[in-house]
Structures are given as structure tokens and as C-alpha cells.
Enquirer: 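The following block contains the structure, expressed as C-alpha cells.
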Amino acid sequence: MADQITVLLPDGSERALPQDATAADLAAAIGPRLARAAVAATVDGQEVDLDTPLPDGARVSVVTSDSEAGRHVLRHSTAHVLAQAVLQLWPGARFAIGPPVEDGFYYDFELPGGAHFSEEDLARIEEAMRRIVAEDQPFVREEHSIDQGLALFADQPFKREIIESVDTGEGAGRGVVTTYRNPPGFVDLCRGPHVASTGRLAAFKLMRVAGAYWRGDERKPQLQRIYGTAWESEQALAEHLRRLEEADKRDHRKLGLELDLFHFPPEVGGGLAVFHPKGGLIRKLMEDYSRAEHEAGGYQFVWTPHLAKSSLFEKSGHLQWYAESMYPPMEMEGATYYPKPMNCPMHMLIYGSRQRSYRELPLRLFEFGTVYRFERSGVIHGLTRVRGITQDDSHIFCTPEQLGDELAALLDFVLRLLRTFGLEEFEAELATRPEKFVGEPEDWDRAEAALAAALEAAGLAYTVADGEGAFYAPKIDVHVRDAIGRRWQLSTLQVDFQLAPRFDLEYATAENTRARPQVIHRALFGSIERFLAILIEHYAGNLPTWLSPVQAAVLPVRDDHRPYAEKVGQRLVGRGLRVVTEGAEEPLNARIRRHRLERVPYVLVVGDEDVDAGTVGVNVRGEARPERGVAVDELVGRITDDVEGRRAQPHRPGAGAAPT
RNA sequence: GCCCGAGUAGCUCAGCUGGCCAGAGCACCCGCCUUGUAAGCGGGUGGUCGUGGGUUCGAGUCCCACCUCGGGCUCCA
């Protein structure tokens with residue numbers, strides 16, 4: 001029939017609709033719930049507004065507000081409302097771009113007279129936005145010629161620049177400028193799609209203001225950016241804010257202070273941490289474990305100084321390529337010294353200190369090497385971005401034939417190490433040859449193939465970042481997801497094509513010829529400081545028992561239980577556990593509370609009944625209820641098992657373990 | 001480096017428009033209390049209000065500069 005069209009739905013079914021039916025009509029035809037949730041539609045792969053008429057035979061899916069694509073539309077539309085509000089409140093303001101981003105959106109402005117937003121302005125702007133939402137202004141799509149577009153934005157230089165660049169850019173030839181109008185007065189340049197009207201925007205909140213350069217270029221004018229978040233419902237918004245709060249509670253800077261682990265004395269300098277006894281102990285435990293694993297993995301330990309003469313860094317290429325990130329030089333006795341930004345040059349010298357034979361390869365040199373990097377003041381952040389960092393750094397020298405096996409073993413090693421620390425979700429990225437590179441293309445191809453094979457062998461999901469490798473090396477970066485789903489880049493495995501030639505490194509082959517070793521550069525924690533920060537946030541401060549500075553606290557109910565408490569404490573100490581035993585100067589509840597706040601995995605209480613029966617009361621971290629009458633032997637077994645197994649969290653009370 | 005915000009006791013924070021405003025809780029010290037599963041009671045020490053200038057009869061409070069921290073931007077061979 002000529003007055004009907006047929007569209008294809010995502011589930012493969014077909015649907016007949018009247019001629020001129022829109023995406024909104026389709027949603028309504030399918031069901032009222034879908035109609036309410038719809039914010040846009042996808043027609044033959046193209047996102048469009050709901051009021052777009054559907055062509056006959058199109059593949060159509062409805063975009064709902066609770067999908068990522070739907071939130072995208074909501075956020076984009078909310079950004080328009082933000083711009084309208086700001087233009088109302090600051091006549092003469094110029095607006096630049098306002099895209100949706102992860103969890104929200106932003107819009108960049110330039111205010112008249114060089115004015116800046118302050119945090120207090122956000123409330124006023126939000127109020128103006130709510131008025132616009134209450135007015136339920138439609139989003140009206142319009143198309144113009146380039147000239148019309150330029151005229152429409154005659155007093156908006158940023159918009160004109162966008163129009164002009166689109167004209168010369170990829171979309172050239174189409175010559176169409178699309179805008180969305182919110183009657184009566186606001187119009188913005190935009191590809192869309194948008195929600196049908198501003199009344200559709202329910203749950204949003206302006207978060208903060210920031211500076212941002214026009215087009216991200218620091219030579220261009222700095223604009224004022226407002227960040228906001230928007231969601232499909234008030235509940236979703238509340239949930240998002242709760243997640244932010246949760247992340248805030250896990251902030252390692254806060255927990256580091258509360259748990260007395262480390263701090264950043266201003267007297268020392270920004271980005272330079274000092275570790276307190278408890279933080280130092282955790283660090284030592286991490287390092288001890290790592291050293292033991294490296295020892296078992298056939299690594300040899302080396303130590304190198306923090307400073308070296310400029311000639312070393314000229315040879316390594318750091319002064320040529322990396323000088324911006326290096327601390328400035330020091331003059332001494334006519335020579336120029338630099339704090340090392342990386343350990344590699346020194347490790348190359350160790351390899352090159354004498355002739356090497358193929359029989360020695362693979363040669364694996366390992367060092368917890370502290371390096372110093374000049375990070376610009378605005379970027380340092382807690383322990384995750386510091387100026388003094390300790391790398392669990394290693395350089396592996398091997399023959400080209402050994403490269404594949406070595407990389408595969410290495411990847412295995414990395415994942416095992418990370419799993420031991422309780423990280424379970426990994427994503428890898430294989431970064432390949434960039435446009436500017438050193439070395440031979442054949443070497444790159446072989447190394448990239450070896451890296452890919454290692455990833456396959458490990459069964460690790462990965463993406464290929466084409467051309468994203470460093471100029472000297474293809475690499476694998478391993479990312480992890482923490483307990484609340486955040487992604488952190490940790491380990492890196494790089495095949496280096498630059499250092500061996502620069503240091504003229506060789507080995508004697510079986511045929512007694514000379515060959516260049518392959519150099520693999522790798523760090524597993526990345527930096528010990530950053531890894532510790534990630535662990536603290538991953539566990540929200542509740543470190544596994546084996547990493548807890550205090551593993552058990554023994555609390556006597558009254559002072560006369562103290563000798564028994566000491567005895568229990570000694571039993572645990574005798575098993576190598578870290579235990580504090582206290583007197584009864586404070587009420588029991590206060591002591592329990594204090595140790596719980598300190599995240600002690602096992603808080604043990606002993607009183608009359610325990611003295612008589614040879615038992616303890618056990619508070620396991622994370623459990624609301626205590627366990628009474630646990631035999632000391634059983635307790636000791638549980639804690640040591642917990643520690644030896646490096647369990648992520650302490651043993652829960654065993655089923656039927658305790659009579660009450 | 002740039003934009004916004006914040007620096008008051010070890011920590012968390014009150015102190016409105018300049019004048020009994022130098023405070024509270026926790027922590028710490030000293031007493032008392034002897035306690036059965038997340039804060040017993042009382043007393044006390046502690047701050048040139050980030051630093052340096054300025055305005056004023058008078059400045060945590062207003063102005064300027066600097067320092068540090070936080071959020072972004074930029075940067076991250």
C-alpha cells in the first residue's frame with residue numbers, strides 16, 4: 001500500500017507504519033513505556049531526532065534515556081540549556097563548544113570584559129536552567145547555508161570558526177550548517193540529535209568550573225568551562241552522586257592521612273612523599289614480595305645511583321628527547337649532573353661492563369630504582385602522580401630468538417603478581433609503530449608479533465592502539481579495573497630498539513660472531529607509590545591481612561585479663577604475625593572502635609570465659625557481629641592461613657565454628 | 001604554566017556585613033573509672049588565623065603579592 005511504510009526493528013521484526021510516521025510514532029506504536037523513555041532514534045546507523053520522518057525500509061532502533069547513547073543525548077541537550085542560561089545571565093557572553101562527556105557534559109564560555117565564573121555562580125545558573133526546563137522549550141532543528149550560518153552567529157567568533165573549519169574540513173561540499181533553536185531566543189550550532197523539548201531534562205547538576213583552552217591549545221584563549229552531570233532520573237543522578245562520594249571516601253590521600261601512612265611535607269616539595277612507619281611497612285611488604293618473586297623468576301638484583309653526568313643522558317638520548325621532564329642540572333667540579341629520570345641508562349652500563357656471551361642470555365637485571373621527574377605543578381596528584389617515584393624496573397637482554405618466550409613468560413609473571421595483590425580484571429593495549437620511529441621496520445614487525453603472541457598466549461583481552469607506540473618501542477600496557485570499576489594503567493612491557501645500539505651492546509653468538517641483544521624494558525607496579533595508592537583505593541583502606549601493618553589486636557576486657565591477653569599475643573607473634581596487645585585503660589567499646597577504624601583485620605577480645613576455656617572473642621574486619629569462644633589454636637590457624645594464602649580479606653567466621 | 005576554589009590547634013570544622021572571636025569536637029597529656037564487642041567522666045597543654053606587605057583608631061574578617069593544597073586545562077619522548 002502506498003500510504004504505508006515498513007521499517008526493520010533491531011530484533012529483526014518488521015513493522016508497518018503510516019506514511020510520514022516519525023521515530024516518535026514508532027516508539028508510541030511499540031508501547032507507552034518505550035515512548036516515555038525515548039530520547040532519539042537510530043535510522044540506518046544515523047542518530048536522529050524523534051520527530052524525524054522514517055523512510056520506507058529503514059532499520060530503526062529507538063534510543064532510550066537509560067542507555068549510554070540516550071544519556072549522551074540528554075547530556076548534550078542539557079549542555080544547550082546551560083549555554084542558554086549563561087547567555088541570559090551574561091549578555092554578550094560567547095559560547096564555544098558543549099559536548100557530552102563520560103558521566104556528564106561541559107560547555108566552554110568567554111565572558112564579557114574578561115569576567116570569570118565563580119563557584120557561587122553555579123547556583124544562579126542552575127536556577128536559570130530550571131526555569132528553561134520548566135518552560136518546556138522545543139528543540140527545533142534547522143538547516144542553513146554556510147553564509148546564513150555565519151550571519152546567524154555574527155557576534156559569536158567561536159561558532160563562526162567552527163562553521164568555517166567544517167567547511168574546509170571533511171564535511172566539505174555538503175555546505176550545510178545545522179542548528180537547534182530553543183524558542184524564543186536561543187540557537188546553537190549542533191549536529192544533534194536532541195530531546196524533543198527541555199521539559200524532558202529532569203535530573204542534572206552543575207559540578208564545577210574550570211579553565212580550558214579553546215580547542216585544547218594553550219596558545220589560544222583560555223575559556224571558562226562549566227562541568228555538569230545529567231541523568232535519566234533523579235534516582236540515577238542520586239546514584240551517580242553516591243558513587244562520587246564513595247570514590248571520595250576511598251581517596252588514598254585522605255586514607256593515607258587517617259591511617260598514618262605517608263604525607264607530603266611542603267618543606268620537602270610538591271609531589272615528594274615521605275612514608276611513615278606504617279606506610280613504610282606496607283611498602284616493604286610489597287617490595288619483599290616482589291623481590292622474592294623476581295628472585296624466583298631468574299632476575300639478578302642491581303643497584304645504581306640517583307645521579308649521573310650529562311654525558312650518560314646524552315648517550316641514552318634522554319637529554320635529547322626527555323629533557324623537559326628532567327630535573328635541572330647541578331654543577332660540580334666542572335661536570336654537570338642530573339637526577340636520573342629512568343634507570344635504563346645505568347642498567348645498559350652494567351650490561352656493557354664486559355663482554356657478554358649468548359650463554360648468559362636472557363640476562364635479567366632488576367632494581368627498585370627511585371627516579372625523579374619534573375612534573376608540572378598542576379599535574380601532581382597524591383601518590384598517583386609524583387616527582388619522586390620508585391619503579392620496580394627491569395631490563396631484560398635476550399637474543400631475537402628468545403624474545404617471544406621471554407615476553408610470554410613476562411606477561412604471565414605480571415598477571416600473577418597483580419592477581420596476588422587482589423586485582424582481577426585486566427585489559428591490555430598493544431601500541432604499535434608510530435610514524436616517527438627508530439630501528440628497522442622488520443624488527444618492529446617481529447617485536448609487535450611477539451607481543452601479540454604473548455597476549456594471545458596469556459588469553460588477555462587487548463586492543464591495538466595503532467601508531468601509539470613510543471618512537472623507540474612497541475609496547476603492551478596492562479590496565480586494571482579496581483573494586484569500583486575505575487581503570488588504571490599499571491604495568492608496561494616495551495621492546496626497546498634504541499638503547500642497545502646507543503650503548504653499542506653486543507654478545508658473542510655460538511658462531512663467535514657479534515650480535516645486538518634485544519632489550520625488554522618493563523615495570524610491573526609501574527611505580528611503587530602509585531601502586532600503593534591504587535591498592536588503598538581498591539580496598540578502601542581495608543588491605544589484605546598480609547599487607548596490614550597491624551594484623552591482630554588483643555584486648556583484655558579488664559586489666560586482670562592482661563596476662564592471658566599477652567599469652568595469646570605471644571602465640572600470634574610466635575607465628576610471625578604483627579600484633580598489638582593493650583591494657584584496659586579505656587572502655588572496651590572505645591578500644592574496639594579505635595582498632596576497627598584502623599582497619600585491623602582481627603580484633604580479639606579476651607575476658608573471664610576465655611581465660612577459663614583457652615579461647616578468644618574474634619571481631620573479623622567487615623563483620624558486624626563478633627564470634628565468641630574461638631579456640632586459640634583454631635584462630636592461629638585461620639590467621640596464618642589467611643596471611644600465607646595472601647587472601648584479599650580476612651577469614652569470615654567458619655560455619656559452626658563458634659558456640660555462642 | 002593557566003582558570004576556579006581553599007588555607008583558623010596534629011585532624012575535622014565554627015567564626016555573618018572589620019570591634020569580648022581566637023572557639024568546638026576528636027587526638028594528645030594528667031587524674032578518676034576496670035570495662036564482654038563501634039566513643040565512660042573530669043581537668044589540662046596546644047593556634048603570631050599559610051607568608052609578606054597595605055588600608056584602618058582597630059584586620060582570620062577588606063586590598064595586593066607570594067607560597068601550599070584541591071578541581072580542571074595543558075603536558076605525559
Side-chain angles (χ1 to χ4, degrees), chain A residues 101 106 108-111 114-122 207-227 244 248 251 253-254 257-258 260 263-271 316-326 341-342 373-382 385 434 436-438 469-473 489 494 496 498 553 555-562 583-598 600 603-611 615-621 623-629 660:
Chain A
V101 292
Y106 66 81
D108 287 347
F109 302 94
E110 187 179 64
L111 297 183
H116 298 295
F117 293 120
S118 71
E119 305 266 327
E120 289 80 61
D121 291 330
L122 294 184
M207 303 300 285
R208 58 179 62 94
V209 322
Y213 298 103
W214 169 233
R215 305 230 143 151
D217 185 337
E218 63 182 315
R219 291 162 305 190
K220 298 208 158 125
Q222 186 164 39
L223 308 176
Q224 295 287 301
R225 174 171 298 179
I226 294 179
Y227 280 93
L244 291 182
D248 211 46
D251 192 319
R253 293 165 301 182
K254 202 174 145 224
L257 196 66
E258 276 174 23
D260 196 16
H263 84 290
F264 292 88
E267 295 88 337
V268 176
S316 68
H318 284 93
L319 280 176
Q320 184 186 348
W321 298 102
Y322 202 69
E324 268 191 13
S325 298
M326 289 172 67
M342 293 189 194
R373 296 179 182 176
F374 173 69
E375 300 279 4
R376 295 166 83 173
S377 60
V379 309
I380 52 185
H381 178 90
R385 195 77 184 265
K436 274 176 62 184
F437 65 96
V438 298
F471 74 89
Y472 59 87
Q489 196 215 307
Q494 310 180 345
D496 190 303
Q498 191 193 209
L555 312 179
V557 173
R558 286 189 316 269
D559 264 341
D560 54 312
H561 303 127
R562 180 147 192 174
E585 287 81 20
E586 296 167 272
L588 183 62
N589 278 343
R591 287 177 283 150
I592 290 170
R593 179 167 190 274
R594 196 154 39 78
H595 288 104
R596 278 187 176 259
L597 288 176
E598 281 175 27
V600 174
V603 179
L604 310 173
V605 175
V606 295
D608 288 332
E609 296 164 26
D610 299 294
V611 174
T615 58
V616 292
V618 182
N619 269 281
V620 176
R621 187 180 63 202
E623 292 289 302
R625 302 188 63 82
E627 229 183 324
R628 292 283 297 273
T660 39

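The chains referred to below are lettered A, B, ... by the order of the sequence lines, with proteins before strands, and numbering in each begins at 1.
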Enquirer: Going by the rule side chain to side chain donor-acceptor pair (under 3.5 Å), which residues pair with A:Gln320 if we only count those two or more places apart in sequence or in a different chain?
Expert: A:Arg502
Enquirer: Does the A:Asp251 side chain pair with the main chain of A:Asp248, one donor and one acceptor, at a distance under 3.5 Å?
Expert: no
Enquirer: I'd like to know if A:Asp608 reaches the base of B:G36 with its side chain such that a donor and an acceptor end up less than 3.5 angstrom apart.
Expert: no
Enquirer: Please report the distance, rounded to the nearest Å, between NE2 in A:His263 and C1' in B:U68.
Expert: 13 Å
Enquirer: Which value, in whole Å, describes the distance between the P atoms of nucleotides B:C28 and B:C69?
Expert: 28 Å
Enquirer: On RNA chain B, does the nearest nucleotide to A:Leu604 precede the nearest nucleotide to A:Ile380 from the 5' side, or the other way round? Give the residue.
Expert: A:Leu604
Enquirer: Distance check, P atoms only: B:C4 and B:U45, in whole angstrom units.
Expert: 43 Å
Enquirer: Would you mind telling me which of B:U34, B:G70, B:A38 lies closest to the side-chain atoms of A:Arg558?
Expert: B:U34
Enquirer: Which letters describe nucleotides 72-77 of chain B, given B = protein heavy atom under 4.0 Å from base, S = only from sugar-phosphate, - = neither?
Expert: BBBBBB
Enquirer: Paired with B:G70 by Watson-Crick or G-U wobble geometry, both distances under 3.5 Å: which nucleotide is it?
Expert: B:C4
Enquirer: With respect to the side chain of A:Leu257, which nucleotide from B:G36, B:C11, B:C4 is positioned closest?
Expert: B:C11
Enquirer: B:A38, OP1 or OP2 - any side-chain N/O from A:Arg594 closer than 4.0 Å?
Expert: no
Enquirer: Rounded to whole angstrom, note down the P distance from B:G10 over to B:G46.
Expert: 12 Å
Enquirer: I'd like to check the side chain to side chain donor-acceptor pair (under 3.5 Å) partners of A:Gln494; sequence neighbours left out, ordered by chain and number.
Expert: A:Tyr472, A:Thr492
Enquirer: Please confirm whether the backbone N or O of A:Tyr227 pairs with a side-chain atom of A:Arg208, one donor and one acceptor, at under 3.5 Å?
Expert: no
Enquirer: In whole Å, what separates the P atom of B:U8 from that of B:G1?
Expert: 22 Å
Enquirer: Quick check: on RNA chain B, is the nucleotide nearest A:Phe264 upstream (toward 5') of the one nearest A:Ile592, or the reverse? Name the residue that is more 5'.
Expert: A:Ile592
Enquirer: For the backbone of A:Glu585 and the side chain of A:Arg591, can you confirm whether one donor and one acceptor N or O come within less than 3.5 Å of each other?
Expert: no
Enquirer: Roughly how many Å is it from OH in A:Tyr106 to P in B:C4, rounded to a whole number?
Expert: 19 Å
Enquirer: How long is the line joining NZ of A:Lys254 and P of B:U12, in whole Å?
Expert: 10 Å
Enquirer: Round to the nearest Å and state the distance from A:Glu598 atom CD to B:C26 atom P.
Expert: 17 Å
Enquirer: Which value, in whole Å, describes the distance between the C1' atoms of nucleotides B:C13 and B:A22?
Expert: 14 Å
Enquirer: Is the count of non-hydrogen atoms from other residues, nucleotides or ligands lying under 6.0 Å from A:Glu258 atom CD greater than 12?
Expert: yes
Enquirer: For salt bridge (Lys or Arg N to Asp or Glu O under 4.0 Å), just list the numbers for A:Arg558 and A:Asp608, CA-CA rounded to whole Å, side-chain angles, deciding distance to a tenth of an Å, and then say yes or no.
Expert: CA-CA 9 Å; A:Arg558 286 189 316 269; A:Asp608 288 332; 3.1 Å; yes
Enquirer: So what does A:Leu555 hit on the nucleic acid, given a heavy-atom distance under 4.0 Å: a base, only sugar-phosphate, or nothing?
Expert: nothing
Enquirer: Could you tell me how far B:C63 sits from B:A27 if I compare only their P atoms? Round to whole Å.
Expert: 38 Å
Enquirer: Scan nucleotides 39-44 of chain B nucleotide by nucleotide, 5' to 3', and note B when protein non-hydrogen atoms come under 4.0 Å of the base, S if they reach only the sugar-phosphate, - if neither.
Expert: BB----
Enquirer: Could you give the CD-to-P distance, from A:Glu258 to B:G10, as a whole number of Å?
Expert: 18 Å
Enquirer: Can you name the residues that form a side chain to side chain contact (heavy atoms under 4.5 Å, CB included) with A:Arg596, not counting sequence neighbours?
Expert: A:Ile592, A:Asn619
Enquirer: Could you tell me how far B:G72 sits from B:A65 if I compare only their C1' atoms? Round to whole Å.
Expert: 24 Å
Enquirer: With a 4.5 Å cut-off on side-chain heavy atoms, are A:Val611 and A:Val606 touching?
Expert: no
Enquirer: Counting only Watson-Crick or G-U wobble pairs whose two distances fall under 3.5 Å, which nucleotide matches B:G18?
Expert: none
Enquirer: Starting at CZ of A:Phe117 and ending at C1' of B:C3, how long is that distance when rounded to a whole Å?
Expert: 12 Å
Enquirer: Please report the distance separating the C1' of B:G19 from the corresponding atom of B:A9, rounded so that it comes out in whole Å.
Expert: 24 Å
Enquirer: Quick one: A:Asp560 CG to B:U34 C1', roughly how many Å, whole number?
Expert: 8 Å
Enquirer: Return the pairing partner of B:A77 with a 3.5 Å limit on both distances, Watson-Crick or G-U wobble; otherwise return none.
Expert: none
Enquirer: To the nearest Å, give me how far apart CD1 (A:Ile226) and P (B:C3) are.
Expert: 17 Å
Enquirer: Is the A:Trp321 ring parallel, tilted or perpendicular to the A:Phe471 ring (thresholds 30°, 60°)?
Expert: tilted
Enquirer: Checking side chain to side chain contact (heavy atoms under 4.5 Å, CB included) for the pair A:Trp214/A:Glu110: CA distance, chi angles, key distance, verdict?
Expert: CA-CA 10 Å; A:Trp214 169 233; A:Glu110 187 179 64; over 6 Å; no
Enquirer: B:C29 pairs with which nucleotide, Watson-Crick or G-U wobble, both distances below 3.5 Å?
Expert: B:G43
Enquirer: State the pairing partner of B:G36; accept Watson-Crick or G-U wobble contacts with both distances under 3.5 Å, and report none otherwise.
Expert: none
Enquirer: In chain order, what residues pass the ring-ring contact (aromatic ring centres under 6.0 Å, His included) check against A:Phe374, with sequence neighbours excluded?
Expert: none
Enquirer: In Watson-Crick or G-U wobble terms, both distances under 3.5 Å, what is the partner of B:G23?
Expert: B:C13
Enquirer: Syn or anti for B:G43? Use the chi torsion, O4'-C1'-N9-C4 for purines and O4'-C1'-N1-C2 for pyrimidines, with syn inside 90° of 0.
Expert: anti
